[in-house]
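Notes follow once the structure below has been shown.
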Amino acid sequence: MSNTPIELKGSNFTLSVLHLNDGAPKVIRQAISEKIAQAPQFLKNAPVVINVSAIADQDIDFKKLRRIVEDAGLRVVGISGSSDAKQKEAIIAAQLPILNEGKITKPATSANSAQSDNDTTNNEAPAVVRQNTKIIHTPVRSGQRIYAQNSDLIVTSNVSAGAELIADGNVHVYGILRGRVLAGASGDVESHIFCTHLSAELVSIAGQYWLSDQIPTDFVGKSVQLSLQENELTIENLI
C-alpha cells in the first residue's frame, strides 16, 4: 500500500463523442432527445466529449450548451475540435476542459518501415504496441464488463444482454452476441468486430456506433464482420 494519500495515474476510458453540425440550441436539444430515446438505459448519465470542429465559425454559448446536454441526462467531460482562440476563451469561461483528440497512427508501410529507428525528423507518436490477445472461454453475463487494453479480445462463448466487451483492437465473439461491443476503443479505425451470431444491443468501432435498431435486419442473427469505411460503420456476412 502506498504511503501517499493520493496517486495521479494515467488510464484509458471509453467515451462517446458528440459531434455538433448545428449550433442552434433548439436543434441540439431536439437531436439529443431523439438519440437518447433510442437507448435510454445505455446513455443515461453517460460521459461525453462535445466536438465542435464542424461549427468552429459559429458563436456558441458553451454554458447553455452544457446545460442542454446535461439536462438530457448526459455528462459533459470536455470540448474538443476547437481551433479558434476566441472560442477557446469562451470554453474556458464556461469552466469546461479543452481536450485534444489523439491522432490515429496507421501501421507502417514497407516504405517507411525501412527508416532508421533513430530518425527523428518527424514528431509523430509511435504506434501503440499490442499486447497478447485476451481470450475469454466462459459466458459473459449481464452486468459484466471485459476490457482488452492495447490488444484484441476473443470470446469463445455467448455474451448476454447487458454485458459489455471493450477492446483497443479487434473483437471476436464465437457465440451469440447479445450485449454491447466496442472495438478500437482507443481510436484505432482499422479495428474490426467479428461474431458468429449478431443480436447486439450496440456495436461500436472507434466511436462510431449503431444501436440495435440501426443494425440492418438482414444481418441480425447472422455470422458477420463490421468495420469502418470512410469513417462509417459497414457490415458484411462472414464467408
Side-chain angles (χ1 to χ4, degrees), residues 12-19 34-44 46 48 104-109 127-239:
N12 291 323
F13 295 91
T14 301
L15 296 174
S16 295
V17 180
L18 181 64
H19 291 264
E34 292 174 356
K35 183 65 68 177
I36 290 179
Q38 296 175 359
Q41 294 304 314
F42 177 74
L43 294 174
K44 182 179 180 181
V48 296
I104 305 303
T105 303
K106 295 184 178 180
T109 63
V128 173
V129 177
R130 286 284 172 84
Q131 299 175 355
N132 292 332
T133 299
K134 187 168 189 174
I135 303 177
I136 305 297
H137 292 294
T138 57
V140 184
R141 306 298 185 188
S142 179
Q144 281 187 278
R145 172 179 289 186
I146 297 174
Y147 176 37
Q149 183 176 8
N150 296 335
S151 71
D152 293 348
L153 174 62
I154 297 176
V155 178
T156 62
S157 189
N158 296 331
V159 180
S160 299
E164 190 168 73
L165 306 179
I166 305 171
D168 288 336
N170 304 305
V171 177
H172 304 250
V173 179
Y174 300 116
I176 300 174
L177 173 58
R178 293 192 177 95
R180 300 184 291 270
V181 55
L182 299 87
S186 61
D188 185 357
V189 296
E190 302 296 328
S191 296
H192 287 61
I193 296 171
F194 305 89
C195 72
T196 56
H197 185 114
L198 179 64
S199 297
E201 298 170 315
L202 176 143
V203 291
S204 172
I205 299 177
Q208 301 297 319
Y209 69 91
W210 284 339
L211 299 171
S212 59
D213 60 352
Q214 296 174 292
I215 298 173
T217 55
D218 289 347
F219 296 94
V220 175
K222 303 292 180 61
S223 179
V224 303
Q225 67 169 314
L226 295 103
S227 62
L228 286 182
Q229 299 293 334
E230 297 183 352
N231 208 37
E232 292 188 359
L233 276 173
T234 63
I235 188 170
E236 58 184 311
N237 289 314
L238 277 175
I239 299 174

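- In this structure a side-chain-to-backbone donor-acceptor pair under 3.5 Å is missing from Ser191 to Ala183.
- A 4.5 Å side-chain heavy-atom check between Arg141 and Pro139 finds at least one atom pair inside the cut-off.
- Residues Ile205 and Leu233 have side chains in contact (heavy-atom distance under 4.5 Å, counting atoms from C-beta outward).
- Between Gln225 and Ile235 there is no side-chain heavy-atom pair separated by less than 4.5 Å.
- Thr234 is linked by a side-chain contact (heavy atoms from CB on, under 4.5 Å) to Ser227, Gln229, counting only residues two or more places apart in sequence or in another chain.
- With sequence neighbours left out, Ile154 forms a side-chain contact (heavy atoms from CB on, under 4.5 Å) with Thr133, Ile135, Thr156, His172, Tyr174.
- Asp168 places no side-chain N or O within donor-acceptor distance of the main-chain N or O of Gln149, the cut-off being under 3.5 Å.
- In this view, Ala167 and Ala148, Leu153, Val171 satisfy the side-chain contact (heavy atoms from CB on, under 4.5 Å) rule, not counting sequence neighbours.
- Distance check, rounded to the nearest 0.5 Å: CG of Leu165 to OG of Ser204 gives 12.0 Å.
- Residues Ile166 and Arg145 have side chains in contact (heavy-atom distance under 4.5 Å, counting atoms from C-beta outward).
- Note: Leu226 CG to Cys195 SG = 7.0 Å, rounded to the nearest 0.5 Å.
- Rounding to the nearest 0.5 Å gives a distance of 11.0 Å between CD of Glu236 and OG of Ser223.
- Checked by atom type and distance alone, the side chain of Asp152 pairs as donor or acceptor with a backbone atom of Asn170 at under 3.5 Å.
- The closest side-chain heavy-atom distance from Gln208 to Asn231 is below 4.5 Å.
- By the 4.5 Å heavy-atom criterion applied to side chains, Leu238 and Phe194 are counted as neighbours.
- Between Leu228 and Val189, the shortest heavy-atom distance links the atoms CB-O, 3.9 Å.
- Considering every non-hydrogen atom in both Ser212 and Ala200, the closest pair reads CB-O, 3.4 Å.
- Taking 4.5 Å as the limit, every side-chain heavy atom of Leu202 sits out of range of all side-chain heavy atoms of Val181.
- Distance check, rounded to the nearest 0.5 Å: CD1 of Ile193 to CG of Leu198 gives 8.5 Å.
- Here the side chain of Ser157 pairs no donor or acceptor atom with the backbone of His137 at under 3.5 angstrom.
- Counting only heavy atoms from C-beta outward, the side chains of Tyr209 and Val203 never approach each other to under 4.5 Å.
- Contact between Ser151 and Lys134 at its shortest, heavy atoms only, is OG-N, 4.1 Å.
- Between atom CD of residue Gln144 and atom OG1 of residue Thr138 there is a gap of 6.5 Å, rounded to the nearest 0.5 Å.
- Minimum interatomic distance between Arg178 and Glu201 (heavy atoms only, all atoms of both residues): O-CG, 3.1 Å.
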